[in-house]
Number of protein chains: 2
Amino acid sequence: MGFSDRIETAVSDAIALGQAGSTPGKLKSALHYAVSPGGARIRPTILLGVAAACGEDKPEISNAAACALELIHCASLVHDDLPCFDDADTRRGKPSLHRAYSEPLAVLAGDSLIVMGFEVLARVAHLDPMRSVQLVMTLAQKTGMPGGICAGQGWESEDEVDLKAYHSAKTAALFVAATQMGAIAGGQDPEAWEELGQRIGAAFQIADDLRDALYDAETLGKPVGQDALHARPNAVAKFGVQGAIDQLHDSLSGAIASIPSCPGEAQLAQMVQSYAKRLTPVAPSKSTVPGE
Amino acid sequence: MGFSDRIETAVSDAIALGQAGSTPGKLKSALHYAVSPGGARIRPTILLGVAAACGEDKPEISNAAACALELIHCASLVHDDLPCFDDADTRRGKPSLHRAYSEPLAVLAGDSLIVMGFEVLARVAHLDPMRSVQLVMTLAQKTGMPGGICAGQGWESEDEVDLKAYHSAKTAALFVAATQMGAIAGGQDPEAWEELGQRIGAAFQIADDLRDALYDAETLGKPVGQDALHARPNAVAKFGVQGAIDQLHDSLSGAIASIPSCPGEAQLAQMVQSYAKRLTPVAPSKSTVPGE
């Protein structure tokens, strides 16, 4: 099974487990809505890429890790779209969850997906309890306070922002989770994999800034111009389009150079390279960039 | 150290760990606000009571379990108070978190506390990885979908409610988490401890219904008459005050009878008995019922 099929199967299975027995029907349906159709699934794909590069011996653990990470990412999108944050009407080309269901169900769907992420990791404990619990720890640290995506979003309520901490928490955190959880799932020490996650995260942030500044809402499947609207820092505003593209390339070269020595090093480098091409904006009118 | 000190210390330590390094100051402060001053801390107290009754051999694990459970409970209060749910102005005698800070910070504080709950459990994995991961699993199942407090709250968005599933998920779930996590922390099989949690949960639900119907907002430190306002099922509306009190006593007798045979059985029965007295409403004007 390819990475994509492994991710979709693991996510569908997890959502199905959250629907057994007598459950509130709207929340049940909202959970499915929140994870499908998938976006690029870039974070779990990187996770599986790293696990494979590490010489993965227990693919069920990697699948659980990839699924857990994607569930947390989907939860963050649902909560970020809420009226009190971005107030987004659309996501992945369809109405945002609170528009399609309601605000209470959007809060609850996000909460449920966060919890489900950790449950999925606990479910594979029989295969290797230490890896399972290390995955819980890493995912928690990259999701919550003080260094995870909750902290990243929290910075947007501050009058004075520590830009480095903000970007590291808001965007890079889940990419570091991807590389480190991939290493843990593959039975390796996660420490050496932090830099790769940081650099991919930085590249992704710049690519996102470029898309927000250059594309229209129809192409992206979500509102554009949000950074200007919410006065958020944006690399295009700071360095111009060409400057931001140069920075994107630098980050990705740095990412490839930072890959730790491992059995599947060359293949992983190739994978990051191919992301580099997909991330770099081309003529907006012809592009079909998958929305997140 | 008594149960109360163990709980307060564990909760404070967890919140402090979520504040290390460069963090968004308002969210950091909101986390502290969400957990203090504590309410009755009834769930973690029951958890420590069960762990002790089971012949607790690793108190650090019990402390982590008690803390994790209380963090999840506090998170649920913060999210339940949001404008899109109860729209509560007060909680534990002070402004609700979204009133004191903002709605975005209330969503993020709840999310961060949920994540922190699982992180706290992962932190004690070095003492016993299987217990740590079993605690993660049990807490997740009693928090998320399909049977946890998220599901319980989700029922309130349904036109037709499965009342048994609703009460089981909305209130009993975290009491079952308390008894089962106490058993796991104490090195015992959690299955035998489900009934005790269910029965204490049922009693607590009736007591809460009585308080909502009988007390004023000042005594409770939170708005009253919420069940009538939100058309939620309430035992007093259904059975009258005396009928509800009779049911409360029946539930607590059943709870005591259901305690599995264990080294500290008698002491635990005494503890549940003392809760029975605290839960039963007396003349409202003289009462000082601790608010949740």
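Just so it is clear: chains get the letters A, B, ... in the order the sequence lines come, proteins before strands, and each one is counted from 1.
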Main-chain N/O of P190(A) paired with Q180(A) side-chain donor or acceptor, under 3.5 Å: yes

Max heavy-atom pair count under 4.5 Å with chain B, selected residue of V136(A), L108(A), L105(A): L108(A)

Contact leader toward chain A among H79(B), M116(B), E160(B), where contacts are heavy-atom pairs under 4.5 Å: H79(B)

Donor-acceptor contact below 3.5 Å, side chain K170(A) vs main chain Q205(A): no

Pick from G147(A), A122(A), S102(A), A30(A) with the largest number of heavy-atom pairs that fall under 4.5 Å of chain B: A122(A)

Choice from L135(A), I72(A), D111(A) maximising heavy atom contacts with chain B below 4.5 Å: D111(A)

Max heavy-atom pair count under 4.5 Å with chain A, selected residue of P83(B), G154(B), G144(B): G154(B)

Interface moiety of Q141(B) toward chain A, non-hydrogen atoms closer than 4.5 Å: both

Inter-residue atom distance I7(B).CD1 - C67(B).SG, 0.5 Å rounding: 9.5 Å

Gap between atom CG of L174(A) and atom CD of E70(A) - 0.5 Å precision: 9.5 Å

Chain A contact residues among residues 161-169 of chain B, heavy-atom distance under 4.5 Å: D162(B), A165(B)

Over 12 foreign heavy atoms within 6.0 Å of NZ, K238(B): no

Qualifying side chain to side chain donor-acceptor pair (under 3.5 Å) pairs, either residue in residues 116-126 of chain B, two or more places apart: E119(B)-R123(B)

Intermediate values then yes/no, side chain to side chain contact (heavy atoms under 4.5 Å, CB included), D212(B) and D208(B): CA-CA 6 Å; D212(B) 186 77; D208(B) 206 49; 5.8 Å; no

Interface residue of largest heavy-atom contact number with chain B, from A140(A), A151(A), P104(A), A106(A), under 4.5 Å: P104(A)

Contacting moiety of F118(B), where chain A heavy atoms sit under 4.5 Å: both

Reported CG-to-CD1 distance for the pair D128(A) and I61(A), which is rounded to 0.5 angstrom: 5.0 Å

Nearest-0.5 Å distance that lies between atom CG in L127(B) and atom OG in S132(B): 9.0 Å

Donor-acceptor contact below 3.5 Å, side chain T138(B) vs main chain A177(B): no

Pair D57(B) + R131(B): basic N to acidic O under 4.0 Å: yes

Most contacts with chain A, counted as non-hydrogen pairs under 4.5 angstrom, among E103(B), K28(B), Q134(B): E103(B)

Chain B contact via L82(A) - side chain, backbone, both or neither, heavy atoms under 4.5 Å: side chain

E194(A) side chain vs V176(A) backbone, donor-acceptor pair below 3.5 Å: no

Chain A contact via L31(B) - side chain, backbone, both or neither, heavy atoms under 4.5 Å: side chain

Segment of V133(B) engaging chain A (4.5 angstrom heavy-atom cut-off): both

